[in-house]
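Scroll down for the structure; my scribbles are underneath it.
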Amino acid sequence: MKRKQCILTLFWSAALVLSLVYSTMAFAGQLQERMKARLPEIVALKSKGVIGENHKGYLEFVGQRRDGAAVVKAENADRQALYTAIAKKTGASPEQVGSRAALKWKANLAGGEYFKNPDGRWIQK
């Protein structure tokens, strides 16, 4: 009887793990699709100097204009979810993941785009 219970426990544990993996993959896929869909508008806002990347890995408005506020809010929410998911996998904090991502965002800026340093100053590439 104990063997049967052990087998059932293993089966249900495996089923739970598979469902968690599948739901995580589905979530990651949805996140990636949303971010990909927003990319053209984000690129346009960056090229106009309306938004830039900050040192924490998020988009921020460079000046007073708030064009694309809904896109910026949605992108930052998805980045936060992504950083949190990566942090759970790596043992880092979401803030550490965001800071590391910021370095990549900074390296990939196009000419004329903005990055906000930790001291609060915007630099233009």
Q | Partners meeting salt bridge (Lys or Arg N to Asp or Glu O under 4.0 Å) with Lys46 (sequence neighbours left out) | A | Glu53
(Q) Using 0.5 Å steps for rounding, measure from the CD1 atom of Ile51 to the CD atom of Glu41. (A) 8.5 Å
Q. Is there a side chain to side chain contact (heavy atoms under 4.5 Å, CB included) between Lys116 and Lys56 once you walk through the steps?
A. CA-CA 9 Å; Lys116 190 174 191 178; Lys56 295 180 180 181; over 6 Å; no
Are the side chains of [Y] and [X] in contact, using a 4.5 Å heavy-atom criterion?
X: Lys106; Y: Asn117; answer: yes
X: Glu75; Y: Val72; answer: no
X: Glu60; Y: Tyr114; answer: no

Please find the pair of heavy atoms, one from [X] and one from [Y], that lie closest to each other, and give the distance.
X: Ile42; Y: Leu59; result: CD1-CD1, 3.9 Å
X: Phe61; Y: Asp67; result: CE2-O, 3.4 Å
X: Val62; Y: Gly49; result: CB-O, 3.5 Å
X: Glu113; Y: Val43; result: OE2-O, 4.4 Å
X: Ala87; Y: Ala92; result: CB-O, 3.1 Å
X: Ala81; Y: Leu31; result: CB-CD1, 4.4 Å

Q) Salt bridge or not for Arg38 and Asp78, using N-O below 4.0 Å? A) yes
Q) In chain order, what residues pass the ring pair (Phe, Tyr, Trp, His ring centres under 6.0 Å) check against Phe115, with sequence neighbours excluded? A) none
Q) Any donor-acceptor pair under 3.5 Å linking the side chain of Arg66 with the backbone of Gly63? A) yes
Q | Other residues, nucleotides, ligands: >12 heavy atoms within 6.0 Å of Lys88 NZ | A | no
Q: Is it possible for you to say whether Trp105 and Ile86 belong to one hydrophobic cluster, with membership spreading through side-chain heavy-atom contacts below 4.5 Å?
A: yes
Would you give me the side-chain donor-acceptor pairs under 3.5 Å for residues 97-104, sequence neighbours excluded?
residue, atom, partner, partner atom, Å
Ser99, OG, Glu95, O, 3.1

